[in-house]
Amino acid sequence: MEFSNSCSSFSSSSVDSTKPSPSESSVNLSLSLTFPSTSPQREARQDWPPIKSRLRDSLKGRRLPRRDDDTSLFVKVYMEGVPIGRKLDLCAFSGYESLLENLSHMYDTLIICGKRDRKHHVLTYEDKDGDWMMVGDIPWDMFLETVRRLKITRPERY
Amino acid sequence: MNYFPEEVIEHVFNFIASHRDRNSISLVCKSWHKIERFCRKKVFIGNCYAINPERLIRRFPCLKSLTLKGKPHFADFNLVPYEWGGFVHPWIEALSSSHVGLEELRLKRMVVTDESLDLLSRSFPNFKSLVLVSCEGFTTDGLASIASNCRHLRELDLQENEIDDHRGQWLNCFPDSCTTLTSLNFACLKGETNVAALERLVARSPNLKTLKLNRAVPLDALARLMSCAPQLVDLGVGSYENEPDPESFRKLMAAIQKCSSLRSLSGFLEAAPLCLPAFYPVCQNLISLNLSYAAEIRGNHLIKLIQLCKRLQRLWILDSIGDKGLVVVAATCKELQELRVFPSDLHGEEDNNNAAVTEVGLVAISAGCPKLHSILYFCKQMTNAALITVAKNCPNFIRFRLCILEPHKPDHITSQSLDEGFGAIVQACKGLRRLSVSGLLNDQVFLYIGMYAEELEMLSIAFAGETDKGMLYVLNGCKKLRKLEIRDSPFGNAALLADVHKYETMRSLWMSSCEVTLGGCKRLAQNSPRLNVEIINESESNRMERNEEDERDKVDKLYLYRTVVGTRKDAPPYVRIL
């Protein structure tokens with residue numbers, strides 16, 4: 001039987017019927033599965049292939065075979081209001097706690113994860129899609145795969 | 001049988017374990033129904049909303065073991081929102097205030113809270129076994145309650161749960177007097193583990209047969225643990241990324257040598273392959289090997305390991321094993337009954353020349369492993385010819401799940417649809433109970449399924465079919481169908497509404513991203529008092545106003561199931577029960 005490019009056939013019945021859920025970024029699904037990685041819209045789907053979350057997380061977090069064992073991941077760190085930034089190797093930390101500890105020491109003030117409020121310096125990060133996100137929601141390994149830079153926000157003033 | 005006193009009949013019934021047989025027995029006559037209810041110890045409830053706890057307790061007052069399942073299967077793939085339902089608390093509350101002497105609770109896809117676990121731990125003095133599979137909503141504080149209060153705990157088995165790890169001291173909460181553990185699985189915990197507490201616990205549990213560790217348990221601890229538990233049968237190794245120093249490695253080898261009862265291995269999260277040789281001595285006895293989290297174990301390390309596992313019956317592996325690796329499995333593992341091959345490259349980032357597994361691997365396995373009856377196979381491509389060959393080689397399949405990673409992908413050699421291939425499978429495998437189809441498929445495959453799959457109980461369909469006829473063939477043909485789950489396929493109201501009574505013979509139907517409309521669902525619900533018809537529209541909250549509602553709107557997600565207790569009261573706002 002006639003069969004056209006699999007990219008377009010995927011979009012046949014379901015382009016509009018799968019609406020983005022709050023946890024996924026909004027993406028044109030006809031692109032996501034078969035497009036090469038040059039597409040800026042490309043985003044991993046959370047519901048395909050059909051594997052359980054724990055396996056999905058473990059695959060996302062693993063190191064790709066190309067990388068050597070002495071990995072480092074230097075990212076820029078800015079404190080809001082301070083023009084000169086720092087650089088930090090995230091691979092030197094085992095998790096969020098040690099990262100926060102280190103940053104707090106570096107900037108000589110308590111820095112936390114979570115929502116912005118009036119009292120605290122809160123850590124945020126820019127992910128590979130260019131979005132600014134709250135630190136701490138995803139497993140550490142997954143965070144390392146997606147973080148591009150860090151920003152420490154100042155306590156909110158009204 | 002009616003001439004025997006009740007005690008004798010009851011004694012006979014106690015030899016019948018299967019809940020299906022028990023259900024059949026209870027339908028024979030009133031007197032058998034009555035006898036059976038009072039002696040049923042294990043109750044299985046496949047859908048927690050099909051019945052309620054009060055009725056359960058009324059009917060089976062002597063129950064000791066309860067199995068409950070909550071969310072539909074597709075919840076495993078993030079298709080069901082967290083607060084959809086499946087709350088265990090009302091069940092535990094009801095059981096707690098009754099006289100039921102609960103000893104075992106097995107939950108799958110349910111929402112469990114610390115409060116529930118605490119109540120559970122305090123309500124049943126003889127509680128022995130807690131098994132939680134794919135559950136969420138609790139933290140290690142709940143585990144601490146179980147550890148502290150369940151004096152006779154034998155089994156704590158946590159499989160694939162989302163547990164908020166407070167890095168507390170839950171392992172410390174097992175009292176020194178607790179020596180009855182036979183099974184402890186906390187592999188899914190993400191935080192740090194109090195290794196010292198764990199070692200003490202294992203040392204005082206001489207009956208411990210199953211131990212599955214999480215990633216926080218390092219290599220030297222593993223060696224010590226195995227030394228004090230040489231009786232282990234089932235071991236889940238944590239992770240050990242660093243290459244071990246010779247001394248640690250030697251100690252590990254020495255410990256493993258003593259574990260002559262070891263039959264099952266899993267874990268190896270982020271394991272360095274150089275540690276594997278320590279396990280070579282036990283490979284010849286292994287029946288079950290789960291390397292699906294061991295992404296770092298590949299190539300020759302993996303092949304060497306597998307070549308030693310001649311008695312393997314169950315193998316779970318990543319597709320990085322490749323067709324070549326599967327050929328080795330086929331040549332080595334002649335006792336293989338169950339194989340699962342999971343995808344390792346979710347983004348298509350890796351070199352396509354190492355194209356994971358294909359039809360070649362599947363055919364090799366089917367030819368080499370005569371006892372194979374269950375398979376879950378994620379692959380990049382498939383052909384009808386391969387499936388026809390597999391069907392000829394393995395007519396004994398009970399479970400056949402094939403997932404071609406790219407939706408709508410045809411036979412990569414002929415460019416035809418895969419209807420004939422799957423048709424061959426259902427025709428040859430007369431005992432097939434579970435089937436998942438994928439790749440490019442028309443309605444024809446469903447005609448074959450309806451015609452031949454007489455024993456089929458569960459069918460999963462994704463991105464398949466052409467018209468409503470496809471779904472109709474299945475509904476009309478598969479007499480034993482219990483669960484049907486469909487996503488992203490062009491089935492609509494005509495198929496949904498053709499035979500409404502069919503759904504009362506099934507546990508449930510799931511349809512997401514299909515063509516069914518709100519109007520169709522409403523009509524279905526109107527004619528079916530014994531069905532709950534649920535519509536899940538998460539992102540449509542701004543369209544919830546009734547006046548904007550259009551019956552022609554397609555429904556995102558439809559989940560319907562039979563029930564004897566009517567509409568549930570615990571659904572969140574975006575779930576509409578018609």
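Hydrogens, waters and symmetry mates play no part in the numbers below; they use all other heavy atoms, side chains included. Source: prediction; values computed, not measured. Proteins get letters first, then strands, A, B, ... in listed order; numbering begins at 1 in each.
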Residue [X] versus chain A: region with a heavy atom under 4.5 Å:
X	value
B/C188	both
B/S512	neither
B/F74	neither
B/A187	both
B/L318	side chain
B/A462	side chain

### Task
Test the A/R56-B/F77 pair against the cation-pi criterion, namely NZ or CZ under 6.0 angstrom from the six-membered ring centroid and within 45° of the ring axis.
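Output no; distance or angle outside limits.
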Find the distance between [atom1] ([X]) and [atom2] ([Y]) and round it off to the nearest 0.5 Å.
X	Y	atom1	atom2	result
A/D47	B/N78	CG	CG	7.0 Å
B/L79	A/Q46	CG	CD	11.0 Å
B/E162	A/D57	CD	CG	6.5 Å
A/K52	B/F342	NZ	CZ	8.0 Å
A/E97	B/E192	CD	CD	7.0 Å
A/S58	B/R215	OG	CZ	7.5 Å

### Query
Does atom CZ of A/R86 have more than 12 heavy-atom neighbours, drawn from other residues, nucleotides or ligands, at distances under 6.0 Å?
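Counting neighbours around CZ of A/R86, 12 or fewer heavy atoms of other residues, nucleotides or ligands fall under 6.0 Å, so no.
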### Query
Hey, does A/I51 have a side-chain heavy atom less than 4.5 Å from the side chain of B/P343?
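They are in side-chain contact.
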### Query
Of all residues at least two apart in sequence or in a different chain, which pass the side-chain hydrogen bond (donor to acceptor under 3.5 Å, both in side chains) check with B/N161?
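Once residues adjacent in sequence are excluded, B/N161 has no partner under the side-chain hydrogen bond (donor to acceptor under 3.5 Å, both in side chains) criterion.
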### Task
Mind ranking B/R487, B/K557, B/E160, B/K190 by heavy-atom pairs under 4.5 Å with chain A and telling me who comes out on top?
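Max contact count across the listed options: B/R487.
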### Task
Measure across B/S292 and A/L55 and return the closest heavy-atom pair with its distance rounded to 0.1 Å.
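The pair with the smallest heavy-atom distance is O-CD1, 3.3 Å.
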### Query
So, does A/W48 use its side chain to make a donor-acceptor pair with the main chain of B/P407 at under 3.5 Å?
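Judged by distance alone, no pair lies under 3.5 Å.
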### Query
Sequence neighbours excluded, which residues qualify as salt bridge (charged side-chain N to carboxylate O under 4.0 Å, His left out) partners of B/E420?
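Checked B/E420 against salt bridge (charged side-chain N to carboxylate O under 4.0 Å, His left out); zero matches.
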